[in-house]
Amino acid sequence: MVQFSEEKLNKVKEIIARYPEGKQKSALIPVLHLAQESFGGWLSAETMDYVASLLQIKPIEVYEVATFYSMFNLKPVGKYLFEVCQTGPCMVSGSDNIIDYIKSKLGIDVGETTADGMFTLKTVECLGACGYAPMMQLGKHYREHLTPAKVDEIIAECRAKAN
Amino acid sequence: MGRKLLLENAHIEGIRYYDTYRKNGGYAAAEKALKSMGPEAVLEEVKKSGLRGRGGAGFPTGMKWSFIAKPEGVPRYLVCNADESEPGTFKDRYLMEFIPHLLIEGLLISSFTLGANACYIYIRGEYAWIPDILEQAIQEAKNNGWLGKNILGTGFDLEIYVQRGAGAYICGEETALIESLEGKRGNPRIKPPFPAVKGLWQCPTVVNNVETLAAVVPIIKYGGDEYIKLGTGKSTGTKLISACGNINKPGVYEIEMNISVEEFIFSDEYCGGIKNGKRLKACIPGGSSVPVLPANLLLKTAKGETRMMTYESLADGGFATGSMLGSGGFIVMDEDQCIVKNTLTFARFYHHESCGQCSPCREGTGWMEKVLKNIETGKGKMSDIDLLWDIQRKIEGNTICPLGDAAAWPVAAAIRHFRDEFEWHVKNPEEALRRNYGLAHYADPLPVPAAV
């Protein structure tokens, strides 16, 4: 069963307290972020229903938001999600080569997860790091000035962390 | 060296933290505003400064503030737009990451002026590590009496909260941002009513960009009269430019709006010239939405005058031969870059980011992406170029919010200035897969118009 820890429930209360009384729906996006972090990196229907009950809103209000914003994953992803930018400024700085390199290195296509469930590759649109291109998001942080050698290091780092 | 106002102290180690920021003159402007000026005088100073919205639209900030409705007993809100998502733009990130107290101080002065007791910073979800930095700065400010109840004994209360978005360019549009803050999809609202009358939770709200709100600090510190001494004409003060693409020194630069585009690209103080000794082909000077210009129209206007880094000069010639300063997202392309492919990535971007409310944008952006993809991959027809032109014309001006225009303009400008590159792709589909069109004639001097 999906259930936040005591600590996370307190966090939810703290978030709701940022808004005027009765406006707890405003907490939806922050709470969905918290839920995605807490329950395996994606939002299942069960998770979304749980969030709806916490905020006392209808489940459909959660679904319509979760499906609108690209950071919410609606199906399971690997332990490490590579989100590589492919918009103009990254493209002119060589992001296509980086995407191809990751594909061949991990043996997966964009949108796929490695068989061991470790890595998912996703292409994304501009993340606001154009001066440090090519780049990708990995968890909470950005990895910038990517080269094939840097990609190798990142993959090795993830594998080491997982072991 | 141009004068710096926002990044004046950016080089000081530890400026991210309260003690260092305060020691270097931080919060002096807030003290001046709250203790000796009062809201009306601050508003007058901001109006006098000529400050224009730094998010992209360039609307006068003082005027925007003066529109806020003040019905009795209804709370007012200030919302800081930190959704920074326009491709090519990464300036607000720099301010928030390295000088968060400058923003907090700007929010304090601005909230005080507007009579807002709660302020929300809406930051794009992908900047996931920055809320921690901002929240730490907010806590420091609070501990030192700059936030909370009865600030400096003036009776003014203020709380600042940070809210993360979750990956939607459209939430940079102010009414979509408000919807998102209310926990909904980022669908822009029909205006009127404007946020100044009915904004967040139907209360009067002002939404301003990070850089705009930070700029209020030096305006109060030095005075509006000093601020307008910097810059040119209606482009007063300084502007952050985030430079990227094929240049030697990508990064965030604060410029006085009185330097030429040529100086900005080629001088060592700024971009340091084109990377790998290549030649300049084209540039998108104000974020992906603004028209792309070929090198020869970028450095000089159609009238043969030197193009300057100002709102007016970059727009000189209208869309026929000019562009816009926009958000200051400055994207430089060298002779090896393909305009068709670059335009395709933008069309894909806008298709991905369209909220889907208005059919011209929802359908048109996808259609443009498809047609551009055909041309880029050697499956295009000559009639596709006119088709693209036709689609973008039918999107522009026919949508609730400016995303439609933002999607139409880059396609229109690419065809307007680089039509022969599109034709070359259609006529040489196989060659176009192997190589790019190159610089062609795009840097050739234009005929100087005869004096009238």
Grab the two heavy atoms, one from B:C244 and one from A:C130, that are nearest each other, plus how far apart they are.
CB-O, 3.3 Å

With chain B, the option among A:V31, A:L127, A:V65 that has the most non-hydrogen atom pairs under 4.5 Å is A:L127

Short side-chain to backbone donor-acceptor contact, A:R18 and B:V162, under 3.5 Å:
yes

For B:S288, which atoms come within 4.5 Å of any heavy atom of chain A: side chain, backbone, both, or neither?
neither

Any chance you could measure A:K23, atom NZ, to B:L181, atom CG, to the nearest 0.5 Å?
12.5 Å

If you count heavy-atom pairs within less than 4.5 Å of chain A, which of B:R124, B:M333, B:K184 leads?
B:R124

As an exercise, state the distance from CZ of B:R164 to CG of A:L34, rounded to the nearest 0.5 Å.
10.0 Å

B:N342 side chain vs A:V92 backbone, donor-acceptor pair below 3.5 Å
no

Side chains of B:R185 and A:T67 in contact at under 4.5 Å (non-hydrogen atoms)
yes

Among B:F346, B:Y169, B:F349, the one residue meeting side chain to side chain contact (heavy atoms under 4.5 Å, CB included) with A:E125:
B:F349

For B:D83, is it the side chain, the backbone, both, or neither that has a heavy atom closer than 4.5 Å to a heavy atom of chain A?
neither

With a 4.5 angstrom heavy-atom cut-off, which part of B:Y77 approaches chain A: side chain, backbone, both or neither?
side chain

Least distance between heavy atoms, B:P87 atom then A:C126 atom:
CA-SG, 3.4 Å

A:K122 atom NZ, neighbour heavy-atom count above 12 within 6.0 Å:
yes

Would you mind checking which part of A:A133 comes under 4.5 Å of any heavy atom in chain B, side chain (CB onward), backbone (N, CA, C, O), both or neither?
neither

The interface call for A:Q86 against chain B, heavy-atom contacts under 4.5 Å, is both

Short question: side chain of B:T345, backbone of A:G88 - any donor-acceptor pair under 3.5 Å?
yes

Got a second to check how far B:C171's SG is from A:F68's CZ, nearest 0.5 Å?
5.5 Å

Looking just at side-chain N and O atoms, do A:Y19 and B:Q163 make a donor-acceptor pair shorter than 3.5 Å?
yes

Under 6.0 Å from the NZ atom of B:K249, do we count more than 12 heavy atoms belonging to anything else shown?
yes

Check each atom of B:Q337 against the heavy atoms of chain A and say whether the ones under 4.5 Å are side chain, backbone, both or neither.
side chain

Pairs of heavy atoms under 4.5 Å with chain A: top-ranked of B:R348, B:E86, B:K341:
B:R348

Greatest number of heavy atom pairs closer than 4.5 Å to chain A - which of B:G186, B:G125, B:P75:
B:G186

Of the listed B:N246, B:I170, B:I284, the one with the largest count of heavy-atom pairs under 4.5 Å with chain A is B:N246

Check A:K25 with B:E182, please: is the shortest side-chain N to carboxylate O separation under 4.0 Å?
no

Could you check which of B:H352, B:R93, B:E353, B:E84 has the highest count of heavy-atom pairs closer than 4.5 Å to chain A?
B:R93

Shortest non-hydrogen contact from A:Y142 toward B:E126:
OH-CB, 3.3 Å

A:K58 atom NZ, neighbour heavy-atom count above 12 within 6.0 Å:
no

Would you mind telling me which of A:S93, A:P20, A:A129, A:A27 has the largest number of heavy-atom pairs within less than 4.5 Å of chain B?
A:P20

Rounded to the nearest 0.5 Å, the CE atom of A:M91 sits from the CG atom of B:L344 at a distance of 8.0 Å

Quick one: closest heavy-atom pair of A:I29 and B:A166, and the distance?
CG2-CB, 4.0 Å

State, without any angle test, whether A:Y69 and B:S180 hold a side-chain donor-acceptor pair at a distance under 3.5 Å.
yes

What's the shortest heavy-atom distance between B:A128 and A:Q137, and which atoms?
CB-NE2, 4.4 Å

Closest approach of A:G128 to B:Y127 (non-hydrogen atoms, all atoms of both residues)
O-OH, 3.3 Å

